[in-house]
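The structure is given below, and queries will be raised subsequently.
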Amino acid sequence: MPFYAAPNHPKLPFDPPDSITVGDFMLDENYGRHPLGYSRPMFTCGMTGKEYSALEVRERVDYLARGLAKELGWSPNSGSEWDKTIGVFSVNTLDTVPLAWATHRLGGIQTPANAAYSAAELAYQLKNSGAKCLFTCLPLLATAKEASKEAGIPDDRIYLLDVPEALSGGLKKPNGMKTVDDFISQGAKLDRLEPLNLGPGGGATRTAFLCYSSGTSGLPKGVMISHRNVIANTLQITVHEQAARKTRQQPATQSDYTETALGLLPMSHIYSLVVICHASVYRGDQVVVLPKFEFAQTLEAVQKYKIATLFLVPPIIILMTKNKPLLDKYDLSSVWAIFTGAAPLGEETATELVKLFPNWSVRQGYGLTETCTVVCATLPEDIWFGSSGPILPGVECKIVTTEGKEVTGYDQPGELLVKSPSVVLGYLNNDKANAETFQNGYMHTGDEAVIRKSPNGIEHIFIVDRIKELIKVKGHQVAPAELEAHLLTHPAVNDCAVIQVPDEKSGEVPKAFVVKSPSVGIEENNRVVARSIQKHVEEHKARYKWITGGIEFIDEIPKSPSGKILRRFLRDKEKETRRK
Ligand code: 4UV
């Protein structure tokens with residue numbers, strides 16, 4: 001029995017079913033979705049006010065699936081899901097999630113890519129995932145085309161999602177390029193699709209989403225997230241949150257526990273994809289979709305749509321604490337909960353925020369792409385800043401020391417291992433990473449954690465450090481191995497290592513240690529060489545991966561006898577330098 005396995009949780013209302021796709025689960029009344037949510041808007045555009053109710057979404061999903069089946073020559077039971085992978089490279093739109101659900105109806109997979117990606121980064125994901133077509137939006141069309149060409153996706157397999165005109169900067173839809181709405185109007189005239197047969201393993205073994213994560217080391221890898229994984233975490237979050245909602249609200253009717261949520265975080269990232277676009281939606285919430293972060297516009301949307309729950313990442317919370325006068329210009333009285341995750345929220349920042357807004361409940365969640373999101377999250381009745389809260393129902397955790405010994409007491413650090421019905425199927429085509437990461441039913445998170453007991457007797461998980469090779473910039477993943485491989489293609493770089501350094505705005509940013517090539521003349525100015533290396537990154541990588549933590553030239557990269565970079569040594573050296 002693990003040390004931290006069974007807090008006194010209510011059980012899930014039912015076993016996560018494996019007989020249904022996640023899309024159908026979300027739209028089917030029989031699965032306990034909040035009934036009031038059918039008549040309310042499900043997705044509302046925070047910029048234009050355009051919106052779709054759940055009933056409209058259900059119809060759009062159905063017609064979209066029919067239209068896509070005709071366009072692509074697919075049917076629900078033809079081929080395997082891997083023959084029906086659809087890439088999405090877009091800012092948040094009202095149709096991003098319905099498109100996934102339509103893809104599921106066709107027995108296919110959605111692989112969402114970060115909208116900040118460069119063409120080369122997108123091409124890597126499209127090739128690696130075997131995407132057969134790509135949905136993008138006008139502002140990203142040029143990058144999408146370049147990447148598709150490299151990935152072998154023809155131009156007539158690039159389609160458009162609809163974004164507010166204000167974002168398109170006067171760009172016009174190219175003649176003949178098809179949009180989601182085209183497929184929906186076409187699909188409305190077509191016959192119903194045959195029912196999907198999920199096969200012997202059902203939704204428990206079929207991939208629904210292929211998100212990208214570098215895991216504990218190496219390059220970004222396709223994470224195979226099953227239908228059942230998403231359904232399971234949706235139910236786990238719902239039960240975990242249930243009591244909090246009931247105690248907070250004064251419902252108009254006894255069953256009115258739905259609310260309005262902020263859909264600002266990118267839907268390509270697991271946090272938004274599961275926590276907002278599935279768990280919130282399942283509870284009948286209205287999600288106000290914003291395509292990109294613009295501070296005043298976000299506050300305006302909160303005021304206009306009376307948003308109650310703000311899903312954020314620490315850098316935005318820091319910005320809020322530093323801009324009280326701007327916040328005071330808006331009526332934010334509808335807000336009751338701020339959810340934060342994807343990177344640690346400092347205790348001081350949380351304290352500062354509730355000092356400024358005493359009515360807000362600041363709640364932290366912790367999770368990973370590989371656990372199909374939430375492992376633990378704080379509850380309003382036992383807020384403890386710095387904590388990531390108690391585990392969700394159905395989750396079991398172990399903490400294991402570097403010597404492989406299981407921790408059996410409070411405040412003893414070790415790597416956090418997670419068992420949950422939401423732990424994913426594994427990485428696509430990567431036996432080595434799978435063997436390292438998924439062992440005996442536990443996912444090895446690469447995060448260092450301790451368990452502490454609150455004065456109320458509730459056990460909380462605190463994430464105290466990151467053991468794995470991962471940098472979190474504004475909550476986005478940056479893989480040191482990816483940057484190192486790229487840096488080595490610069491003629492001045494003979495060897496290199498990338499680590500994270502703290503940054504006030506972004507939480508962390510990458511810093512590179514570089515051994516210069518012998519070809520670099522002694523007379524060459526270090527600043528000029530460093531700038532040229534930085535430029536090389538800026539030209540090929542998404543902005544959040546830029547080496548803004550600086551470049552330091554050293555004589556040798558410290559390595560173990562087997563050639564592994566001793567990052568801990570570099571991180572300690574960096575800490576020492578910063579202390580001075
Ligand atoms: O794979 P990923 O990019 O996934 C995420 C997921 C974020 C979530 C999950 C559940 C929530 O309720 C929520 O609010 C946000 O970011 O990166 C996973 C790694 O991010 C770090 C940690 O190193 C993970 O292995 N991380 C995620 N959440 C936290 C965190 C946190 N609360 N505190 C510290 N590190």
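All values reported here derive from a predicted model rather than from experimental measurement. Remember, it's 1-based here, ligands and their atoms both numbered in the order they're listed.
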Quiz: residues 345-352 side-chain donor-acceptor pairs under 3.5 angstrom, not counting sequence neighbours:
unit_1 : atom_1 : unit_2 : atom_2 : d
T351   : OG1    : E347   : O      : 2.6

For a distance cut-off of 3.5 Å, show me each N or O of ligand 1 paired with any protein N or O, plus the separation.
unit_1   : atom_1 : unit_2 : atom_2 : d
ligand 1 : 1 (O)  : T369   : N      : 2.9
ligand 1 : 1 (O)  : T369   : OG1    : 2.6
ligand 1 : 1 (O)  : Q477   : NE2    : 2.9
ligand 1 : 3 (O)  : H269   : NE2    : 2.7
ligand 1 : 3 (O)  : K472   : NZ     : 3.0
ligand 1 : 3 (O)  : Q477   : NE2    : 3.3
ligand 1 : 14 (O) : T340   : O      : 3.4
ligand 1 : 16 (O) : K472   : NZ     : 2.6
ligand 1 : 17 (O) : K472   : NZ     : 2.8
ligand 1 : 20 (O) : K472   : NZ     : 3.1
ligand 1 : 23 (O) : D447   : OD1    : 2.7
ligand 1 : 23 (O) : D447   : OD2    : 3.4
ligand 1 : 23 (O) : R466   : NE     : 3.1
ligand 1 : 25 (O) : D447   : OD2    : 2.5
ligand 1 : 25 (O) : K468   : NZ     : 2.6
ligand 1 : 28 (N) : A342   : N      : 3.1
ligand 1 : 32 (N) : Q364   : OE1    : 3.3
ligand 1 : 32 (N) : G365   : O      : 2.8

Subject >> Salt bridge flag under 4.0 Å for residues E508 and K472 >> reply: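 Not counted as a salt bridge, because no side-chain N and carboxylate O are separated by less than 4.0 Å.
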**OP:** Verify, without hydrogens or angle tests, whether T371 (side chain) and G367 (backbone) share a donor-acceptor contact under 3.5 angstrom.
**Re:** no
Original post:
Does the distance from a Lys or Arg side-chain N to an Asp or Glu carboxylate O, for D503 and K474, drop under 4.0 Å?
Top reply: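 No.
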Original post:
Is a salt bridge present between E574 and K511, judged by a nitrogen-to-oxygen distance below 4.0 Å?
Top reply: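 Counted as a salt bridge, because a side-chain N and a carboxylate O are separated by less than 4.0 Å.
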Original post:
Under 6.0 Å from the CG atom of D431, do we count more than 12 heavy atoms belonging to anything else shown?
Top reply: no
